Participant: 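I have a structure here, written as structure tokens, and I will follow up with some questions on it.
Note that the structure is predicted; figures quoted are calculated from it, not measured.
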Amino acid sequence: MAETLHPVGVDLFEVRQLRLTEVEAPRLSSGEELARDRVWIEAVKANPSLFDGPVVACAGVEWEGPHSLVLSWARVTYRHYALRRVPGASWLPSLFVNVVQPTDEGRVLVARMSTSTAAPGRWQLPGGSVEPPEHREELDAAAVRRHAARELAEETGVELAADQLRLWVATRGENRSIGLTFLAPPQPPAVLAERFEAVTAAEQALGRDPELDRIALVRSPAELAGLDGPQVDYLEPVVRRYTEVSRRSNARDPM
């Protein structure tokens with residue numbers, strides 16, 4: 001029996017199967033559109049790096065069975081999220097992907113957004129908003145996995161085949177945003193540092209600011225507290241879950 005998830009703080013859900021279905025975005029009144037546009041214009045004035053490109057919003061979240069998630073999605077643009085600041089307006093939460101990239105000795109790569117992004121100085125996992133498919137392409141579990149692999153490569157230089165990523169958990173944030181977290185194979189710390197340095201240098205050589213300006217490898221939520229700057233709401237719960245699962249796995253299979 002399907003069970004709708006109701007937002008309560010930041011939650012994590014174990015997910016093994018994913019199905020996506022497209023629906024229409026809710027219609028806005030003329031008053032809501034005007035209020036949305038006013039908020040968006042002010043936001044762009046405050047942060048000119050914001051852009052109003054196409055993006056996927058989450059229109060519904062249900063369980064289809066144990067660890068089997070069904071996501072309804074709608075096509076919107078980033079301007080839609082300005083409705084969060086309009087009292088009484090109807091708005092859909094965001095849908096994004098991210099990747100837990102562990103090291104071979106149990107740490108997790110976290111990254112800081114550069115000053116030229118929409119969230120300057122914020123620590124998070126590599127990833128980004130899900131974008132709607134083009135032409136006759138379908139937004140399905142495979143497409144979402146490919147998007148996660150592409151974000152990992154573009155932001156950190158770690159290039160993996162999409163099938164090397166495993167859907168691990170879904171997160172529901174304090175603002176109802178839904179994240180799909182994938183788990184990547186472990187890499188040596190030196191390799192992660194080398195690839196991040198290379199992708200950063202390549203972006204700078206093209207005259208572009210890298211999306212991420214720093215990475216760190218953390219072993220526990222306590223180490224997150226030592227990072228300078230704000231953190232996305234899901235980061236601590238995801239790092240905590242990964243370190244706890246790794247600890248239990250190591251206890252069962254000692255070196």
Participant: Are the side chain of Trp123 and the backbone N or O of Asp228 linked by a donor-acceptor pair below 3.5 Å?
Facilitator: yes
Participant: Which distance, rounded to the nearest 0.5 Å, do you find between the CG of Leu50 and the OG1 of Thr117?
Facilitator: 9.5 Å
Participant: For Glu174, does its backbone N or O pair with a side-chain atom of Asp233 as donor and acceptor, under 3.5 Å?
Facilitator: yes
Participant: Rounded to the nearest 0.5 Å, how far apart are CG of Asp140 and CD of Glu22?
Facilitator: 12.5 Å
Participant: Please give me the minimum heavy-atom distance between Glu236 and Pro221, naming the atom from each residue.
Facilitator: OE2-CB, 3.5 Å
Participant: Less than 4.5 Å apart, any side-chain heavy atom of Ser94 and any of Val130?
Facilitator: no
Participant: Is there a donor-acceptor pair closer than 3.5 Å between any side-chain N or O of Gln231 and the backbone N or O of Leu224?
Facilitator: yes
Participant: Is there side-chain contact between Leu212 and Phe196, with at least one heavy-atom pair below 4.5 Å?
Facilitator: yes
Participant: For the pair Asp52 (side chain) and Arg79 (backbone), establish whether a donor and an acceptor sit closer than 3.5 Å, ignoring hydrogens and angles.
Facilitator: yes
Participant: Report yes if some heavy atom in the side chain of Pro133 is under 4.5 Å from a heavy atom in the side chain of Arg75; otherwise report no.
Facilitator: yes
Participant: If hydrophobic clusters are built by linking Ile, Leu, Val, Met, Phe, Trp and Tyr wherever their side-chain heavy atoms come under 4.5 Å apart, do Val61 and Trp63 end up in the same one?
Facilitator: yes
Participant: Got a second to check how far Leu192's CG is from Gln187's CD, nearest 0.5 Å?
Facilitator: 6.0 Å
Participant: So how far is it from Ile215 CD1 to Gln101 CD, rounded to the nearest 0.5 Å?
Facilitator: 9.5 Å
Participant: Run the numbers on Phe182 and Val97 for side chain to side chain contact (heavy atoms under 4.5 Å, CB included), then give the verdict.
Facilitator: CA-CA 8 Å; Phe182 292 83; Val97 295; 4.1 Å; yes
Participant: Would you say Glu14 has more than 12 foreign heavy atoms packed within less than 6.0 Å of its CD?
Facilitator: yes
Participant: Answer whether the closest heavy-atom distance between the side chains of Pro237 and Thr171 falls below 4.5 Å.
Facilitator: no
Participant: Taking the six-membered ring of Trp91 as reference, does the cationic atom of Arg36 (NZ for Lys, CZ for Arg) lie under 6.0 Å from its centre and within 45° of its axis?
Facilitator: no
Participant: With rounding to the nearest 0.5 angstrom, report the CZ to CG distance, Arg16 to Leu167.
Facilitator: 11.0 Å
Participant: Any idea which heavy atoms bring Ser220 and Val239 closest together, and the distance?
Facilitator: C-CG1, 3.9 Å
Participant: If you count every heavy atom of other residues, nucleotides or ligands that lies below 6.0 Å from Gln17 atom CD, does the total exceed 12?
Facilitator: no
Participant: Could you pull out the closest heavy-atom pair between Arg219 and Thr243, with the gap in Å?
Facilitator: O-CG2, 2.9 Å
Participant: Any chance you could lay out the salt bridge (Lys or Arg N to Asp or Glu O under 4.0 Å) test for Asp163 and Arg145, step after step, and finish with the verdict?
Facilitator: CA-CA 8 Å; Asp163 59 10; Arg145 182 179 286 104; over 6 Å; no
Participant: Taking CD in Glu197 as the centre, count heavy atoms belonging to other residues, nucleotides or ligands within less than 6.0 Å. Is the count above 12?
Facilitator: no
Participant: Using every non-hydrogen atom in the two residues, find where Ala148 and Val99 come nearest and quote the distance to one decimal.
Facilitator: O-CG2, 3.7 Å
Participant: Would you confirm whether Gln204, through its side chain, and Pro210, through its main-chain N or O, come within 3.5 Å as a donor-acceptor pair?
Facilitator: no
Participant: For Leu180 and Leu71, what are the C-alpha separation, side-chain angles and deciding distance, and is it a side chain to side chain contact (heavy atoms under 4.5 Å, CB included)?
Facilitator: CA-CA 11 Å; Leu180 299 172; Leu71 295 181; 4.0 Å; yes
Participant: What's the separation between atom CD in Glu203 and atom CD in Glu155, rounded to the nearest 0.5 Å?
Facilitator: 10.5 Å
Participant: Does one hydrophobic cluster hold both Leu217 and Leu160, with members joined at side-chain heavy-atom distances below 4.5 Å?
Facilitator: yes
Participant: Compare every heavy atom of Ile178 with every heavy atom of Cys58, then report the nearest pair and how far apart it is.
Facilitator: SG-CG1, 3.8 Å
Participant: Please walk me through it: do Glu211 and Glu154 pass side chain to side chain contact (heavy atoms under 4.5 Å, CB included)?
Facilitator: CA-CA 9 Å; Glu211 191 167 352; Glu154 291 176 354; 5.7 Å; no
Participant: For Glu42, is there an ion pair with Lys45 - N to carboxylate O distance below 4.0 angstrom?
Facilitator: yes
Participant: Do Leu12 and Val218 sit in the same hydrophobic cluster, where Ile, Leu, Val, Met, Phe, Trp and Tyr count as joined when their side-chain heavy atoms come under 4.5 Å apart?
Facilitator: yes
Participant: Using the rule given for side chain to side chain contact (heavy atoms under 4.5 Å, CB included), can you reason through Arg84 versus Asn175, listing the C-alpha separation, both sets of side-chain angles and the distance that settles it, and then say yes or no?
Facilitator: CA-CA 9 Å; Arg84 296 170 179 170; Asn175 61 359; 3.5 Å; yes
Participant: Work out which heavy atom in Ala57 is nearest to a heavy atom in Val76; give both atom names and the distance.
Facilitator: CB-CG2, 3.7 Å
Participant: With respect to Tyr234, which candidate in Phe96, Phe13, Tyr242 satisfies the ring-ring contact (aromatic ring centres under 6.0 Å, His included) definition?
Facilitator: Phe96
Participant: Tyr81 and Val232: same hydrophobic cluster, using ILVMFWY side-chain contacts below 4.5 Å?
Facilitator: no
Participant: Taking a hydrophobic cluster as the set of Ile, Leu, Val, Met, Phe, Trp and Tyr residues connected by side-chain heavy atoms closer than 4.5 Å, whether directly or through intermediates, do Leu92 and Val39 fall within one such cluster?
Facilitator: no
Participant: If we only count heavy atoms from C-beta on, is the Val110 to Leu125 side-chain gap below 4.5 Å?
Facilitator: yes
